[in-house]
Amino acid sequence: MAGFDYLDANHLRTGHCCMKLSDTIAHVVFEIALDREFDYKIPVHLLGKVGAGCIVQAPFGERVLHGFVVKTSNSSSFPSLKELQDVVPEKLFIETPLFKLAQWMSSYYACPLGLVLKSMYPSYLRKTMRNAHAEYISLNKNKEDVIRYMDTLRKRAKRQLDVLEYILQKREVFFEMDALCAAVGCDNNAVERLIKKELLARITEDELVKRDSRLDRYKYVTPINSITLNLDQQRVLNQIEAALDSREFVPFVLHGVTGSGKTEVYIRSIQRVLERGQQAIMLIPEISLTPQTEERFRKRFGNVVSVFHSRLSDGARAREWKKMRDGKAKLVVGARSALFAPFSDLGLIVVDEEHERSYKQEESPRYHARDIAVLRAKLSNIPVILGSATPALETIYNVYQGKYTLLKLPARVDDRQLPEVILVDLAKEVREEKKWVVLSVPLKQKISDRLDKGEQVILFLNRRGFSSMAVCQQCGYIYECDDCSITLTYHKSVERLMCHFCGKMITKPVFCGKCGSSEIKFSGIGTQKVERALKAVFPEARVLRMDSDTTTHKDSHFELLTQFRRGKADVLIGTQMIAKGLDFPRVTLVGTIIAESTLCLPDFRAAETTFQLLTQVAGRSGRGEIPGEVVIQTFMKDHPAIVCALQHDYDRFVEGELKARKELLYPPFYRFINIIITAKDKKKGQWAGTQIAQSLIKTVSKGTEVKGPLPSMVHRKRAHFYWHVLLKTNDVFGTNEAIKQALSKSTRFTQVRISVDVDPYYMW
DNA sequence: AGCACGCCGACT
DNA sequence: GTCGGCGTGCTC
Ligand SMILES: [Zn+2]
Ligand SMILES: [Zn+2]
């Protein structure tokens with residue numbers, strides 16, 4: 001999110017990969033939270049075989065660990081060096097550009113290099129690579145024979161039946177023994193019996209590889225392009241192709257309205273790359289990585305596509321990774337982690353929906369995949385495409401700065417009708433109804449209409465955060481911090497409103513600061529209340545509620561949506577914007593109970609996020625014959641985020657929002673670094689936070705601001721207390737150095753956990 | 001981060 | 001007497 005204006009080559013200078021034959025010392029990092037290198041002697045039989053990027057086995061204390069060689073040299077300040085034990089096969093080396101990427105990430109995101117490498121290069125690979133004769137299981141008979149056999153087996157051997165059923169329903173052909181047993185929930189026995197009966201066969205890794213290449217499955221075949229590009233698409237593609245052919249780093253921002261055919265541009269660009277014999281990476285947000293998306297790429301590019309989903313088994317992941325390294329897979333489609341695909345001649349990276357927050361990893365290393373995509377492109381000297389209907393402010397700001405090249409697709413490729421958007425002014429409703437009701441008259445009417453017609457409705461309310469704001473029930477005024485323009489949160493224990501950004505507190509107001517009314521509520525409304533209001537008016541309506549109460553386990557979210565899709569309910573109430581709402585064929589109405597629930601989140605990006613969401617909803621054409629309707633209830637009908645979204649005026653929104661960010665010195669004009677402090681003991685955490693903040697105030701460079709420690713919004717969670725120290729800076733590398741010092745020199749903090757988040761999205 | 005070492009309380 | 005709690009400190 002920081003955008004990419006910080007390529008500072010100084011941070012990339014270490015770690016030349018050339019192996020010096022004469023070097024006798026290896027400097028190694030391990031996959032542990034220890035930001036240190038350890039030196040080892042290179043034994044005679046490994047001389048010349050060890051260089052930066054190698055993975056080695058080394059004795060470490062009582063254990064033997066895998067580590068990454070950072071560099072080699074001829075000296076070490078450590079007196080009693082141990083010797084390296086082994087080097088893993090050459091095929092597993094980390095290539096220089098990726099290694100440099102890791103080093104940059106380590107210093108920018110303040111994360112030990114070993115942990116960065118761990119997340120780029122998952123350890124399961126080594127496990128499967130190490131036993132080169134790993135065994136796989138596959139069917140030994142054709143499906144019909146197996147099914148016939150299954151009938152004779154019925155009931156007698158439940159486990160064996162389970163195994164066969166599992167294999168039949170999967171699209172994969174080869175299964176690892178352990179993974180298979182675990183997935184089915186049986187032991188090796190059932191599988192072994194099936195092998196004895198010659199229904200299943202055992203295949204070794206080597207055979208699998210041989211068979212795979214013999215089949216010639218991985219040849220790139222030029223796809224047939226059935227879709228004709230329009231003039232805009234052709235113009236954009238020409239520019240991208242020029243950059244591809246000249247092999248230069250060009251960061252493109254592809255700003256295309258919903259339905260303008262961005263994906264087709266991606267596909268043609270990728271096609272060009274593959275034709276040149278190079279490889280490509282296509283990043284897609286996790287939620288959009290559906291089987292349909294996968295199919296779209298497979299149809300076009302066939303077997304050279306590798307898909308990285310989060311739910312792939314370790315074995316499957318390792319296999320995909322190897323396919324890429326061996327040059328069999330030439331395009332990887334995936335979420336964040338696909339960015340580290342081990343391609344030897346990468347030609348292009350595409351980041352679709354680049355404004356999506358899910359590109360930020362919310363655990364260490366807390367990197368932003370979009371920014372790292374730009375960096376990888378820079379290091380590989382290739383173009384990168386950042387596509388979105390609503391590019392992030394950080395991204396468009398880089399366009400204005402002349403750092404990124406803007407490409408526009410202003411028109412839709414189809415002539416589908418956009419949904420009609422109706423704004424309901426809640427202030428007017430309150431005047432007429434004498435009180436604030438959850439469902440306004442126009443919304444009620446429209447719901448009633450859909451229920452009569454047997455069509456479906458989705459209602460949306462972002463409960464997160466809205467529950468703790470101080471809201472006037474008469475005029476809708478929401479208290480915010482005078483200094484920071486951030487919504488204040490109500491804290492019951494102290495009866496005060498607090499700004500979690502600067503720490504300012506005010507006493508709980510009695511009268512509304514805008515209209516003088518005494519009806520200020522601090523509880524907000526939740527989905528249950530919406531459900532009750534709905535039931536009161538439409539007692540016979542079938543309602544599904546989708547929130548943290550009803551979606552307790554992983555798949556319940558998906559299950560609820562499936563139920564709704566199948567028409568098991570008339571109304572769905574959700575806590576997260578289901579932007580694709582109108583993609584449900586029978587949904588013709590999407591209602592936002594109160595836009596403030598996202599617009600007034602205590603987050604300086606709240607307006608931007610709301611604009612993105614509304615643009616998405618208002619831009620969806622829907623699948624049905626009838627163009628849908630979108631109802632937005634709000635007290636803030638004139639807010640730019642709402643007005644601009646409805647008028648499809650991205651430029652105006654950005655202009656205003658950038659101005660506001662500049663005034664308040666927020667990103668993209670400054671960068672934040674958040675230091676999160678966690679402790680069971682309140683005093684210990686408070687003390688650690690204070691120590692860190694005080695140390696930083698002294699050591700940090702001029703122009704860097706230090707705030708805190710402030711209690712986090714959810715100060716207490718799962719028996720732990722949370723604080724944050726917030727830094728505002730323009731020198732991330734320098735500030736990170738200061739943080740490193742502050743965390744190491746001051747007497748070590750016991751029973752306190754500290755983590756650093758650079759360019760954070762969630763700051764409290 | 002792990003893992004050993006070490007120093008106190010409660011069990012065989 | 002020893003088993004086990006986890007505080008402290010080290011790992012090339
Ligand atoms: Zn403030
Ligand atoms: Zn008011």
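In what follows, chains are A, B, ... by sequence order, proteins preceding strands, each numbered from 1.
Side-chain atoms of Tyr762(A) and Asp757(A) include no donor-acceptor pair closer than 3.5 Å. At a cut-off of 3.5 Å, with distance as the only test, no side-chain donor of Tyr109(A) or His368(A) sits close to an acceptor on the other residue.
Nucleic acid contact for Glu37(A): none, since no nucleic acid atom lies under 4.0 Å from a heavy atom of the residue. Here Phe60(A) lies in heavy-atom contact (under 4.0 Å) with a base. Nucleic acid contact for Pro79(A): none, since no nucleic acid atom lies under 4.0 Å from a heavy atom of the residue.
In this structure, of dC3(B), dC12(C), dG2(B), it is dC3(B) that holds the atom nearest to the side chain of Glu62(A). Ranking dC12(C), dT11(C), dG7(C) by closeness to the Leu34(A) side chain, first place goes to dT11(C).
Atoms CD (Gln751(A)) and C1' (dG5(C)) sit 13 Å apart, rounded to a whole Å. Going from atom CG of Leu81(A) over to atom P of dT11(C) covers 12 Å, rounded to whole Å. Here the P atom of nucleotide dG2(B) and the NE2 atom of His66(A) are 15 Å apart, to the nearest Å. When rounded to the nearest whole Å, the span between CZ of Phe30(A) and C1' of dA1(B) equals 12 Å. To the nearest angstrom, P of dT11(C) lies 11 Å from OH of Tyr40(A). Summarising the geometry, the separation between NZ on Lys82(A) and P on dC12(C) is reported as 4 Å, rounded to the nearest angstrom. Rounded to whole angstrom, the span from the CZ atom of Phe68(A) across to the P atom of dC12(C) amounts to 18 Å. Note: CZ (Phe38(A)) to P (dC12(C)) measures 7 Å, nearest angstrom.
Both stacking criteria are satisfied for Phe78(A) over the base of dC12(C): a centre-to-centre distance under 5.5 angstrom and an angle between ring planes under 30 degrees.
A search for side-chain hydrogen bond (donor to acceptor under 3.5 Å, both in side chains) contacts involving Asp39(A) returns His27(A), Ser76(A), not counting sequence neighbours. By the side-chain hydrogen bond (donor to acceptor under 3.5 Å, both in side chains) test, Thr678(A) is found to be paired with no residue, residues two or more places apart in sequence or in another chain being considered.
For Glu320(A) and Lys323(A), the salt-bridge test passes: some basic side-chain N is under 4.0 Å from an acidic carboxylate O.
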